[in-house]
Amino acid sequence: MKKTVDVVQSMKQNRQKIAMLTAYDYPTARILNDADIDIILVGDSLGMVVLGYEDTRSVTMADMLHHTRIVARANTVCLLVADLPHRAYETPEQAAKNARALCEAGADTVKFEGNKPEIVKAIADEGIPVMGHVGLLPQTSEKFRVHGRKRSEALLIADDAKALEAAGCFAIVLESIPEKLGKKITLSLRIPTIGIGAGAGCDGQVLVLHDILGLFDRFTPAFAKQYANMRKEIHRAVTHYKLEVQQGTFPDGEHSYR
Ligand code: KIV
């Protein structure tokens, strides 16, 4: 059965941890679907790990719509969240229009970065559930660093999370903040928190798929645990193929039509 926002919210009440991962293409989205991951995020991290951009700022609505459609084709069980990319929610009207487009492409909900209650309201008024995102905000941050180490900054992040809950977000991503702050915010909210570099006290965790599979080696944040080294594995396979072609041992009888 397909997971809904209600299912994800009830996981917080039942103290069940929420597992969220990014996906951008059909084969990996199918794997996440078959693994019964709770939430798939078509994140704008797409720009860095798939499209080869320096950061997420160059990702367009056209990119997000294209990849959301692909992932939606593979997904039958996970809640599907799509990111509103940089400059796609500069006014409430623009945010509502772009959120509608992402849902027409197959997303169940959308996520955006920062404390912007008017954006949450505009999207929620369309009947679209909204996920917030506070702490490190990759679309606007000068550099990737831990946020909220200073008390004043920690208070601001906690206030941002509270404001997003009050505005109607159904869940919030907490990115790159100290573990203690992640836990404090989690305990202060009714809605689930999904941490990425925010410690074990969050209601759930999210990581970028290419980081956990070892497919992206340009930049690896300290919190990104690598569960496999697919880059090495793929490199081994393609060099083995090349060698067999050069040696004439591929194709053999088993891989030729008779
Ligand atoms: O785009 C993305 O992958 C994200 C995660 C870092 C939460 O927003």
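The first residue in the sequence is number 1, and the count goes up from there. Keep in mind that this is a model prediction, so the values were computed, not measured. Heavy atoms only: backbone and side chains are in, while hydrogens, waters and symmetry mates are out. Each ligand, and each atom within it, is numbered from 1 in the order the structure gives.
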Which bit of Asp44 gets closer than 4.0 Å to ligand 1, counting heavy atoms only: side chain, backbone, both or neither? both
Linking I/L/V/M/F/W/Y whenever their side-chain heavy atoms sit closer than 4.5 Å, directly or via other members, would Tyr24 and Ile212 fall into one cluster? yes
Between Thr56 and ligand 1, which part of the residue brings a heavy atom under 4.0 Å of the ligand: side chain, backbone, both or neither? neither
Crowded around Arg151 CZ? As in, over 12 foreign heavy atoms under 6.0 Å? no
Pair Arg57 + Glu142: basic N to acidic O under 4.0 Å: no
Going by the order shown, which atoms of ligand 1 are within less than 4.0 Å of some heavy atom of Leu41? 2 (C), 3 (O), 4 (C), 5 (C), 7 (C), 8 (O)
Logged contact type for Asp83 with ligand 1, heavy-atom cut-off 4.0 Å, is side chain
Run the numbers for me: atoms of ligand 1, each under 4.0 Å from some heavy atom of Thr22, listed by number. 3 (O)
If we only consider heavy atoms of Lys111, is any one of them less than 4.0 Å away from an atom in ligand 1? yes
Look at the aromatic rings of His255 and Phe250 and report parallel, tilted or perpendicular, splitting at 30° and 60°. tilted
Does Met20 have a heavy atom less than 4.0 Å from any atom of ligand 1? no
Quick note on ligand 1: atoms under 4.0 Å from a heavy atom of Glu175 include exactly 6 (C)
Interfacing atoms of ligand 1 (cut-off 4.0 Å, heavy-atom, Ile196): 6 (C)
Could you tell me whether the side chain of Thr193 and the main chain of Asp203 form a donor-acceptor pair under 3.5 Å? yes
Using a strict cut-off of 4.0 Å, indicate which atoms of ligand 1 neighbour a heavy atom of Ser45. 1 (O), 2 (C), 3 (O)
Going by side chain to side chain contact (heavy atoms under 4.5 Å, CB included), His86 matches just one of Asp44, Thr140, Asp55. Which one? Thr140
Would the number of heavy atoms belonging to other residues, nucleotides or ligands and lying under 6.0 Å from NZ of Lys2 be above 12? yes
